[in-house]
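Quantities reported herein were computed from a predicted structural model and do not represent experimental measurements. Values below: every heavy atom of this structure, side chains too, minus hydrogens, waters and symmetry copies.
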Amino acid sequence: MERKLMEMLDKVEVPVETSKKVEELLMRELVHKNSRNVEENKRKSNKEDVRMNAQLASKKGNVLRIMGGSAAALAITAGLATGIFALKGTTNKSFQVASITASPQVTSRVTDRTCYSLKEGKNYIDLDLDGNKEEIELKNTATGTSTVDFEITIGDEKIKGSVDREEGLKLRATALTKEADSVQLMFTYQYLSDDYLTNVYNYENKKLVKVGTFCDEVDRIKLTDDGSFIINQPGGILGEWKDTTVRMVENNHNDADITGKYCLEETTQFDHEISFKYSITALQNVDLYKSMDRNGGSVTQIKTGEKAETIKVIDGKWLYLETESGEKGYLELNLEDFIIDGNPVIGWEVFEGLPYAG
């Protein structure tokens, strides 16, 4: 368009001074227009960068924390991806959970402990096994960004959200109750940096009710004959990827957001002994037990600022370590905290130098 205008301008006979002024005005308009286009593109690019950075920042806290201020600063400086690889690189147990291969398409009765794949559009499954099939509709809508909006509809019930996966939401159906007396829906809505989060829903009184959330991808779980399944997730202050058995059990009402008949219960599977070697610094005075018994008395105390070497973890409950002076002892822990004088204490308040995954 600009080229045609310039050609037309060349053909018009006007006084030299007038010609120069018109050409100057036209060139200014073209430059101004191009400038506006550049600014608009820059604005769109910046907006997308801000959105992605916010998304990364919100998930960074779930992927990696490092005990101690200096280690935390290093992890932030190195970046999210580097932190993830560093964490997985320190594990002593490889990721060996069996994956579900190509999930079969939904059949009329989903109670055979198979994980079935729901297609885009309408699906028909008898979720509550009352003899009538429910219509389940799945819609994925591209947003022009790295996320896809999804909508799951059953009757008047809708679940809406977005998933950070270009292909959209993967919706699965399987029977998770011990008696196989109902069918549940599962979907993973968070994928970024392999920091998976998957929701489980049950169909109760013609409504979708959330059962709970687990930290693995829906197609990576390993189903068992009793409806439970195995996931693999980070192991708290141990910095160790652990196999965990997840079961649907009667709701214990410990979580106010879980209001239906069921909730999820997790049982961690640890090797008896795991080699676990790190150089650490005490951030407070810590007594070490003589044996794996908090009533067995202490063998020594690591004082604030003193260094030690961790050696191994036993049954996911006891950390065995050696002080600078060569004395060895045990420290009690759970998945999230150290147990000091019978009380749980956040890991990064006890030692600097240990990986923290959670």
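Across Leu331 and Asp287, no two heavy atoms sit closer than the pair CD1-O, 3.9 Å. Residues Asp126 and Gly131 come closest through the heavy atom pair OD2-N, 2.8 Å. Contact record, Val163 with Phe150: N-CD2, 4.1 Å, taken as the closest heavy-atom pair. Residue Ile339 comes nearest to Pro344 through the heavy atom pair CD1-CA, 4.0 Å, listed as atom of the first residue, atom of the second, then distance. Of all non-hydrogen atoms in Gly305 and Thr281, the two that sit nearest each other are O-CG2, 3.7 Å. Considering every non-hydrogen atom in both Ala173 and Val110, the closest pair reads O-CG1, 3.7 Å.
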For this session: Give the C-alpha distance, both sets of side-chain angles, the deciding distance and a yes or no for salt bridge (charged side-chain N to carboxylate O under 4.0 Å, His left out) between Asp156 and Lys206.
Result: CA-CA 9 Å; Asp156 295 331; Lys206 307 303 178 182; over 6 Å; no
Exercise. Are Glu266 and Gln233 close enough, and set up right, to give a side chain to side chain donor-acceptor pair (under 3.5 Å), and what steps lead you there?
Worked result: CA-CA 11 Å; Glu266 296 186 2; Gln233 60 182 336; 3.1 Å; yes
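Ring-centre distance between Tyr201 and Tyr203: not below the 6.0 Å cut-off. Side-chain rings of Phe229 and Phe214 approach one another, their centers coming within less than 6.0 Å.
Hydrophobic side-chain contacts under 4.5 Å tie Ile311 into a cluster, directly or through other members, with Tyr289, Met292, Ile314, Trp318, Tyr320, Tyr330.
Atom-to-atom distance recorded for Thr213:OG1 and Asp257:CG is 9.0 Å, nearest 0.5 angstrom. One finds the CG atom of Leu223 at 7.0 Å from the CG atom of Leu176 (value rounded to the nearest 0.5 Å). One distance of note links CD1 of Ile302 with CG of Leu288; it measures 4.0 Å at 0.5 Å rounding.
Put simply, the side chain of Leu185 does not reach to within 4.5 Å of the side chain of Val200, judged on heavy atoms.
Between Lys312 and Glu273, at least one side-chain nitrogen of the basic residue sits less than 4.0 Å from a carboxylate oxygen of the acidic one, meeting the salt-bridge criterion. Checked for salt-bridge contact, Lys222 and Asp243 miss the test: no charged N lies under 4.0 Å from a carboxylate O. Salt bridge status for Lys207 with Glu157: absent, with no side-chain N to carboxylate O gap under 4.0 Å. Between Asp219 and Lys170, at least one side-chain nitrogen of the basic residue sits less than 4.0 Å from a carboxylate oxygen of the acidic one, meeting the salt-bridge criterion. Taking a cutoff of 4.0 Å between a charged side-chain nitrogen and a carboxylate oxygen, Lys158 and Glu151 qualify as a salt bridge.
Around CG of Asn252, the count of heavy atoms belonging to other residues, nucleotides or ligands within 6.0 Å exceeds 12. The number of heavy atoms from other shown groups lying within 6.0 Å of CG (Asp130) is above 12. Counting heavy-atom neighbours within 6.0 Å of Glu250 CD, excluding the residue itself, gives a total of 12 or less. Shown here is Gln284, whose CD atom has more than 12 heavy atoms of other residues, nucleotides or ligands within 6.0 Å. Remark: Lys139 NZ is loosely packed, at most 12 non-hydrogen atoms of other residues, nucleotides or ligands lying under 6.0 Å away.
Listed for the Arg172 side chain is no donor-acceptor partner under 3.5 Å among the backbone atoms of Tyr116. No donor-acceptor pair closer than 3.5 Å links the side chain of Asn334 to the backbone N or O of Phe338. With hydrogens and angles disregarded, a donor-acceptor distance shorter than 3.5 Å links the side chain of Thr188 to the backbone of Val218. Although no hydrogens or angles enter the test, the distance criterion places no donor-acceptor pair under 3.5 Å between the side chain of Asp149 and the main chain of Thr143.
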